[in-house]
Amino acid sequence: MQIDDKAKIVDIGNTGLYSVLIYVGDDEECLVLKNILDDLQVYYEVAPDKRTFESSVMNSSYSHIFVSAQMYYGDMRFLENELTKENLVIIASLNESISINKVGYVMTRPLHALNVSSVLLNNDSTYAREVVNKGGFTCPNATILVVDDNLTNLNVASGILRKYKATVLTALSGKEGLDVLRKQHIDIVFLDYMMPEMNGIDTLEAIRSMRDRSVAGLPVVALTANVINGAREMFMEAGFNDFISKPIEIDRLEKSLRTLLPKELLVY
């Protein structure tokens, strides 16, 4: 039996429906992606640098934009502001946690025709993780406090939460967070577990000990970069209502909002 080397592994139908912009930092990975798209007969353009990429996004329309995780984080704010209907596809390693604020996909390395075709066809697949604001809700009347000693982490968490139209207050220490709670009405607290001087456990205990019972009983979600076996049980036993690992994934944070905020604050 003779094997047809030209036979496609997958069929994506009308290839004219697709136009792809590629923005990855690794030349070898870019070549692999180009070869796959060539085999699928899909039109693509390659952005070699940030300036070209941003110009292409602003001046052209694509069905999909393929961006490596490194390049995505380097231009995240621009993408959040500019992307509208394009499908954002972030290329990442298997165990890499991605925080994405737009409807899109995380495509797992290694790249091959199956995972590329999955995102083009919008298919459910183990090759690609869909990341989307699934709940379709906002909470414009909610006031949320984020406490983290790392300014970058604080900005990331605050940026995600503002997508839900919430009022977001921030604090760079446990002590500063307690001061905010004494002065402002807060509906939920996201609290970094590892902070100097006054860590997350100490801050939580201070919250639970406050005279104002409405403050003492607030839902408090731990933020932690160190996730170990039994972490959930440990945080629940300490008095947290939930915990989220860093880097923060938007669907995980959304679940906390939906579960812990008063229902009357959720607008669908």
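Because the structure is predicted, anything quoted here is derived from the model rather than measured. These numbers come from the heavy atoms of this one structure, side chains and all, not from hydrogens, waters or symmetry mates.
More than 12 heavy-atom neighbours from other residues, nucleotides or ligands sit within 6.0 angstrom of CD on Glu264. More than 12 heavy-atom neighbours from other residues, nucleotides or ligands sit within 6.0 angstrom of CZ on Arg213.
We find the NZ-CD1 distance between Lys163 and Ile160 to be 9.5 Å, quoted to the nearest 0.5 Å. Atom OG of residue Ser68 and atom CG of residue Asp26 lie 8.5 Å apart, to the nearest 0.5 angstrom. Taken to the nearest 0.5 Å, the CD1 atom of Ile188 stands 6.0 Å off from the OG atom of Ser256. Rounding to the nearest 0.5 Å places CD1 of Ile90 at 13.0 Å from CD of Gln70. Separation of atoms CD1 (Ile12) and CG (Leu40) is listed at 5.0 Å; rounding is to 0.5 Å. Between the CG atom in Asn153 and the CG atom in Leu151 there is a gap of 9.0 Å [rounded to 0.5 Å].
Applying the side chain to side chain donor-acceptor pair (under 3.5 Å) definition to pairs two or more places apart or across chains, those involving residues 175-190 are Asp179-Arg182, His185-Asp187.
Formation of a donor-acceptor pair under 3.5 Å by the Thr52 side chain with backbone atoms of Pro48 is not found in this model. Checked by atom type and distance alone, the side chain of Arg208 never pairs as donor or acceptor with a backbone atom of Thr203 at under 3.5 Å. Side chain of Asp75 to main chain of Phe78: no donor-acceptor pair is present (N/O by atom type, distance under 3.5 Å, no hydrogens or angles). Looking only at distances, a side-chain donor or acceptor of Thr259 sits under 3.5 Å from a matching main-chain atom of Lys255. Although no hydrogens or angles enter the test, the distance criterion places no donor-acceptor pair under 3.5 Å between the side chain of Thr15 and the main chain of Val42. Side-chain N or O atoms of Asn155 include none that pairs as donor or acceptor with a backbone N or O of Thr152 at under 3.5 Å. Judged purely by atom type and a 3.5 angstrom limit, Asn59 uses its side chain to pair as donor or acceptor with the backbone of Ser55.
Using a cut-off of 4.0 Å between Lys/Arg side-chain N and Asp/Glu carboxylate O, Asp148 and Lys246 are scored as salt-bridged.
Residues Leu204 and Gly239 share a closest heavy-atom pair of CD2-C, 3.5 Å. Across every non-hydrogen atom of Leu266 and Cys139, the tightest pair is CD2-CB, 4.4 Å. For Ile91 against Arg109, the heavy-atom pair with the smallest separation is O-NH2, 3.6 Å. In plain terms, the two heavy atoms of Ser63 and Leu17 that are nearest each other are CB-O, 3.8 Å. Across every non-hydrogen atom of Val146 and Ala157, the tightest pair is CG1-CB, 4.0 Å. Considering all non-hydrogen atoms of both residues, Ala92 and Ala69 come closest at CB-CB, 4.4 Å.
Taking 4.5 Å as the limit, some side-chain heavy atom of Val180 sits within range of a side-chain heavy atom of Ile186. Using a 4.5 Å cut-off on side-chain heavy atoms (C-beta onward), Val119 and Phe66 make contact. For the pair Cys30 and Ile22, the minimum side-chain heavy-atom distance is below 4.5 Å. Counting only heavy atoms from C-beta outward, the side chains of Tyr72 and Val24 never approach each other to under 4.5 Å. At least one side-chain heavy atom of Leu181 sits under 4.5 Å from a side-chain heavy atom of Leu218. Between Leu257 and Phe137, the closest side-chain pair of non-hydrogen atoms falls below 4.5 Å. Put simply, the side chain of Ile65 does not reach to within 4.5 Å of the side chain of Val20, judged on heavy atoms. Two residues are said to be in side-chain contact when any heavy atoms from C-beta on lie closer than 4.5 Å; Glu29 and Leu111 meet this criterion.
Residues Tyr43 and Glu45 bring a donor and an acceptor atom of their side chains to less than 3.5 Å of each other. Residues Asp49 and Tyr23 have side chains that never bring a donor and an acceptor to within less than 3.5 angstrom of each other. No side-chain N or O of Asp149 forms a donor-acceptor pair with one of Ser173 less than 3.5 Å apart.
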Open item on the list: Walk me through whether Met198 and Leu178 qualify under side-chain contact (heavy atoms from CB on, under 4.5 Å).
Closed with: CA-CA 11 Å; Met198 194 173 194; Leu178 294 173; 3.4 Å; yes

Open item on the list: Using side-chain contact (heavy atoms from CB on, under 4.5 Å), reason through Leu223 and Leu191 one step at a time and then give a plain yes or no.
Closed with: CA-CA 6 Å; Leu223 303 177; Leu191 177 60; over 6 Å; no

Task: Verdict with supporting geometry, Met194 and Asn199, side-chain contact (heavy atoms from CB on, under 4.5 Å) - done: CA-CA 5 Å; Met194 295 295 291; Asn199 63 31; 5.9 Å; no

- [ ] Please lay out, stage by stage, how Leu121 and Tyr18 fare under the test side-chain contact (heavy atoms from CB on, under 4.5 Å).
- [x] CA-CA 10 Å; Leu121 292 168; Tyr18 309 106; 3.5 Å; yes

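Leu31 and Val89 are members of different hydrophobic clusters when ILVMFWY side chains are connected at heavy-atom separations under 4.5 Å.
Of the candidates Phe190, Phe235, Tyr193, Phe235 is the only one forming a ring-ring contact (aromatic ring centres under 6.0 Å, His included) with Phe243.
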